[in-house]
Every structure is written in structure tokens, then in C-alpha cells.
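As the structure is a prediction and not an experimental result, all values here were calculated from the model. All residue numbers in this chain count up from 1 along the given sequence.
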Amino acid sequence: MDTGEGTAQMESTDTVETLEAHTCWSLMRSVPIGRLAVIVDGHPEIFPINVVVDRGSVVFRTGEGTKAQAAMSDAPVAIEADGFDPETGRAWSVVVKGRAHTITDVEAVIDSADLPLEPWQAGRKDRFIRVRADEVTGRRFPVADASVWRTPASGGTRAAME
């Protein structure tokens, strides 16, 4: 497991900052939504989920179905979240990789029900799943001005978007 020791490392002079684990966890705590990456029938699938950081892990709530079945398989999962700080003009992305476990202990389920975890989608969400981190990584970087991507053809007439 990444312990977060040491200082942040710059991959490139002032472009991409590799984040320490404690910074990654802090950023994960700042957002209510992430994406769960799992393997379904041998193929990658990504699901939006409401997340909360709890005791060095990420917890989400779901009902029975493809997402829960895939998360509970023997394959590792990943949870990704990102954000943008308008004051600094920098974006960040954090990935937590690990194994998912259904929370079944009665006391742990009661504790999980008290977490600020409120799914956006209605319906039964009786299952609390905890992803214990084997690896936590993150990056922070300046968002490029849109003009960086413009070419001489950028101002031309385009076909209608469909």
C-alpha cells in the first residue's frame, strides 16, 4: 500500500504533480461522486457511484445487480474521482485500486448507514461495499487554455453535431 511518505514529485517541471497518498485521500474526501471500474464478462465497465472515504477506504452503496456482482468478483477494482480548482486553474485525478468487500457485520453496517453517503438514483441500495486500498495514486496539473488545441482549421465550417 502506498503510505504517502516523502514529498510530491514533479513528472515535468511545472506541468504534472504526482500526489502523495495523504493528498489523494484528502481530495477523495472532497467529492461525492466517483467512477467504479470493474470487469464484467471479460470486459471493462465503468459505473458512476456516490462515494465516501471512511477509515482509509472508499465506501459506496448499491443494490443487487451487475455493478455489485462485478465488484464482488475475485478481480480487483478501481475507483477514480477528479476535480478542478478554479482559483488555481489546476485539475486533479485520483485512483484507488483494491479489493471490494460487502460490509456485513451488523455494527459496521450501522456505522456505514450513518456515513454521508446519499445515492443520486432512487431505488433500493441495501448493500454497502468497501474498497480497501492496495494502491492510491493521483496527479494534479494545470488546465490548458483552449487556444493550445486550435489549429488553422479550427475556425472553419463544421457539419451539424448529431
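R130 has its side chain within reach of D54: a pair of non-hydrogen atoms, C-beta onward, lies under 4.5 Å apart. Side-chain atoms of V77 and L36, non-hydrogen and from C-beta on, do get closer than 4.5 Å to each other. In this structure the side chain of V31 reaches within 4.5 angstrom of the side chain of W92, judged on heavy atoms. The shortest distance between side-chain heavy atoms of V51 and V59 does not fall below 4.5 Å. Using a 4.5 Å heavy-atom cutoff, the side chains of R35 and D82 are in contact. Here the side chains of F47 and T66 are in contact, with some heavy-atom distance below 4.5 Å. V52 places none of its side-chain heavy atoms less than 4.5 Å from the side chain of F60. The closest side-chain heavy-atom distance from I33 to I49 is not below 4.5 Å.
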*Give the intermediate values and the outcome of side chain to side chain contact (heavy atoms under 4.5 Å, CB included) for residues T15 and F141.*
CA-CA 6 Å; T15 359; F141 49 91; 5.9 Å; no
_The test is side chain to side chain contact (heavy atoms under 4.5 Å, CB included); show your working for V94 and T137 and say whether it passes._
CA-CA 6 Å; V94 170; T137 59; over 6 Å; no
*Dump the intermediate steps for side chain to side chain contact (heavy atoms under 4.5 Å, CB included) on R90 and V143, then the final yes or no.*
CA-CA 6 Å; R90 295 176 70 81; V143 174; over 6 Å; no
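Distance alone, capped at 3.5 Å, places no donor-acceptor pair between the R132 side chain and the H101 backbone.
Grouping Ile, Leu, Val, Met, Phe, Trp and Tyr residues whose side-chain heavy atoms lie under 4.5 Å apart, directly or via other members, leaves V95 alone, with no other cluster members.
The distance from the SG atom of C24 to the CZ atom of R139 is 11.5 Å, given to the nearest 0.5 Å. Taking OG of S57 as the reference point, atom CH2 of W25 lies at 6.5 Å (rounded to 0.5 Å).
Looking at residues two or more places apart in sequence or on another chain, you find no side chain to side chain donor-acceptor pair (under 3.5 Å) involving S73. Applying the side chain to side chain donor-acceptor pair (under 3.5 Å) criterion to E45, with sequence neighbours excluded, gives no partner residue. Every residue two or more places apart in sequence or in another chain was checked for a side chain to side chain donor-acceptor pair (under 3.5 Å) with T23, and none qualifies. In terms of the side chain to side chain donor-acceptor pair (under 3.5 Å) criterion, residue partners of R127 (sequence neighbours excluded) are, by chain and number, E64, T102. Applying the salt bridge (charged side-chain N to carboxylate O under 4.0 Å, His left out) rule to R29 yields no partners; only residues at least two apart in sequence or on another chain are considered.
Between V96 and A133, the closest heavy-atom pair is CG1-CB, 3.7 Å. The two residues A100 and A71 make their nearest non-hydrogen contact at CB-O, 3.2 Å. Closest heavy-atom contact between A68 and G63: CB-O, 3.6 Å.
The hydrophobic clustering, which links ILVMFWY residues whose side-chain heavy atoms are closer than 4.5 Å, places V131 and I46 apart. Both I79 and V40 are assigned to one and the same hydrophobic cluster, defined by single-linkage of ILVMFWY side chains at heavy-atom distances under 4.5 Å.
Ion pair D126/R61 not flagged as a salt bridge, since none of the NZ, NE, NH1 or NH2 atoms sits closer than 4.0 Å to an Asp/Glu carboxylate oxygen.
Annotation: K97, atom NZ; neighbour count of heavy atoms from other residues, nucleotides and ligands within 6.0 Å does not exceed 12.
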